[in-house]
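Counting starts at 1 for both ligands and their atoms, in listed order. Because only heavy atoms are used, hydrogens play no part in the values below, and waters and symmetry mates are left out as well, while side chains stay in.
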Amino acid sequence: GFLTVAPESARERAGAVDRRVKDGSLPLAGVPVAVKDNICTRSLRTTCGSKILEHYIPPYSATVVERLEEAGAIVIGKANCDEFAMGSSTENSAFHVTRNPFDRERVSGGSSGGSAVAVAAGMAPLALGSETGGSVRQPASFRNVVGLKPTYGRVSRYGLVAYASSLDCVAPLANNPRDVALLLRCIAGRDERDSTSAAAPVPDYPAEIEKPVRGMRLGVPKEFFGKGLEPEVKAIIETGIRNAASLGCELVDVSLPHTEYAIADYYIIAPAEASSNLARYDGVRYGYRVPAPQDLLDMYKRTRSQGFGAEVKRRIMIGTYALSSGYYEAYYGRAMRVRTLIKRDYDRAFDKVDALLSPVSPTPAFRIGEKISDPLAMYLSDIYTVTANLAGIPALSVPCGFTAGGLPVGLQMLAGQFREDRLLRLADAYMRAFPASA
Ligand code: GLN
């Protein structure tokens, strides 16, 4: 699950925390944390799962890493991920695939597959991943842990290597909602170095979790149960929904009519932003540079051809095309308007309900190699997760059950902007009442 481990610096920091702990209380004193390899760590290699950054050592740490370290946490290593977080299986990592111990021939999900593994395997009780379109919820679902995608802007993106800036979020993973609450409390809040970070006060999430869930209204969006959803997954999720209702909550049917455009929408916006963000890897400033270039253009071309993997190149090409003059309005412009419609669907739903329940992924963990040569099939697996990113709302995955083959399935819970408190409370009540067991 790791691309780089940091035993010396971890030991050193643990010693320093030990000394500090004596004169004050640190919320995460000595707690090991795994950090996805697209989050910058000062003096610790940060590859983004890419050859182009294979030897990159950041001169600074992301705000989230600084905040965790101030809270006493110890970064133990950098977790494997799809290259630049583009993918749903970690098969796009330039270094290795992260396997799923529930079935070693299957993926751990992605792009934050390594972070989910670190938590599931007990290597670290807490991990940071990132989300652009489901990269924490989906691996959490495939690995039977809890993964939360916060509201856009809830957590600083400073030092998170940019994929699609209007969608990217740093996102926590842990074994239970209480640990996620603790982690979120430490990393959330305004950061002067990220102008899109929100000034809204940070609730005391661990305290909010204690409040009752009785009386909550839970919506079930019918568009999330259509064709493509594997019957076995559907049955597990339906049981999960009935269980959630039995906590004293009311179920309400809701409709999110623009869901059918979500994949097309996301796979215009995300590559468009990626093609712009990844222009910086040109061999001049960061990472890999091809040896002995003939001239500047040759250096750009060969550096990028050799440094980027196939999926990243595919996204850059799609995105560049979508943004090219003459097509900008037809693709990116239209996609941004559809995004507004998707967000409005959610606004309407949350007028009526406190949270929504749905599957995280249409299938359990799929086989290594099963979708890698069929990008469209891979993209379609993100159908239930990308809308939360497009709308900017918080959503999480909580363990829900197992297939007959022993593969875990997560239940998705979604709420309105800045209602992470509500999601964590519901997930905690749910998980304590119905612990998923194989
Ligand atoms: N699978 C999606 C993609 O490839 C989401 C990735 C993510 O959330 N980082 O873009």
Side-chain angles (χ1 to χ4, degrees), residues 35-39 48-50 79-93 97-98 107-116 127-142 147-152 155 157 160-173 262-278 308-319 322 335 339 360-363 365-366 370-372 374-397 410 412:
V35 175
K36 185 175 180 178
D37 211 20
N38 63 347
I39 298 174
C48 293
S50 182
N80 193 22
C81 57
D82 286 297
E83 187 174 3
F84 288 102
M86 297 175 191
S88 311
S89 65
T90 80
E91 289 166 291
N92 296 331
S93 166
V97 181
T98 296
V107 301
S108 259
S111 62
S112 313
S115 302
L128 291 180
S130 74
E131 275 245 5
T132 303
S135 275
V136 153
R137 284 165 288 160
Q138 186 253 31
S141 169
F142 287 5
L148 168 74
K149 173 240 174 283
T151 306
Y152 182 80
V155 178
R157 285 187 293 118
L160 167 66
V161 176
Y163 161 11
S165 307
S166 77
L167 298 161
D168 295 342
C169 300
V170 173
L173 297 113
I263 289 293
D265 203 44
Y266 174 86
Y267 279 99
I268 292 292
I269 294 171
E273 296 184 11
S275 75
S276 165
N277 275 326
L278 270 59
F308 289 138
E311 182 60 29
V312 171
K313 287 179 192 160
R314 181 180 293 124
R315 307 271 178 121
I316 291 172
M317 285 189 277
I318 294 172
R339 180 176 186 173
V360 174
S361 172
T363 67
F366 42 86
E370 186 180 328
K371 300 189 191 216
I372 198 66
D374 184 354
L376 206 54
M378 190 75 91
Y379 297 172
L380 282 169
S381 71
D382 300 332
I383 177 67
Y384 304 133
T385 49
V386 294
T387 51
N389 302 78
L390 289 166
I393 59 170
L396 60 72
S397 175
Q412 178 164 233

Mind checking whether Tyr379 and Tyr267 have ring centres under 6.0 Å apart?
yes

Identify the protein atoms, limited to N or O, that lie within less than 3.5 Å of an N or O atom of ligand 1, and list each pair with its distance to 0.1 Å.
from	atom 1	to	atom 2	distance (Å)
ligand 1	1 (N)	Gly87	O	3.0
ligand 1	1 (N)	Ser88	OG	2.8
ligand 1	1 (N)	Asp382	OD1	3.4
ligand 1	1 (N)	Asp382	OD2	2.8
ligand 1	4 (O)	Gly87	N	2.9
ligand 1	4 (O)	Tyr267	OH	3.4
ligand 1	4 (O)	Arg315	NH1	3.3
ligand 1	4 (O)	Arg315	NH2	2.8
ligand 1	8 (O)	Thr132	N	2.8
ligand 1	8 (O)	Gly133	N	2.6
ligand 1	8 (O)	Gly134	N	3.2
ligand 1	8 (O)	Ser135	N	3.0
ligand 1	8 (O)	Ser135	OG	2.7
ligand 1	9 (N)	Ala85	O	2.9
ligand 1	9 (N)	Ser111	OG	3.4
ligand 1	9 (N)	Ser135	OG	2.7
ligand 1	10 (O)	Tyr163	OH	2.5
ligand 1	10 (O)	Tyr266	OH	2.7
ligand 1	10 (O)	Arg315	NH1	3.0

Can you check side chain to side chain contact (heavy atoms under 4.5 Å, CB included) on Ser397 and Gln412, steps first, answer last?
CA-CA 5 Å; Ser397 175; Gln412 178 164 233; 5.8 Å; no

Could you walk me through whether Met378 and Glu91 satisfy the side chain to side chain contact (heavy atoms under 4.5 Å, CB included) test, starting with their C-alpha distance in whole Å, then the side-chain angles of each, then the deciding distance to 0.1 Å, before giving a yes or no?
CA-CA 11 Å; Met378 190 75 91; Glu91 289 166 291; 3.6 Å; yes

If only side-chain N and O atoms count, and only distance matters, is there a donor-acceptor pair under 3.5 Å linking Asn389 with Arg137?
yes

Closest heavy-atom contact between Gly110 and Gln138?
N-OE1, 2.9 Å

Judged by modelled atom types alone, do Asp382 and Ser88 share a side-chain donor-acceptor pair under 3.5 Å?
yes

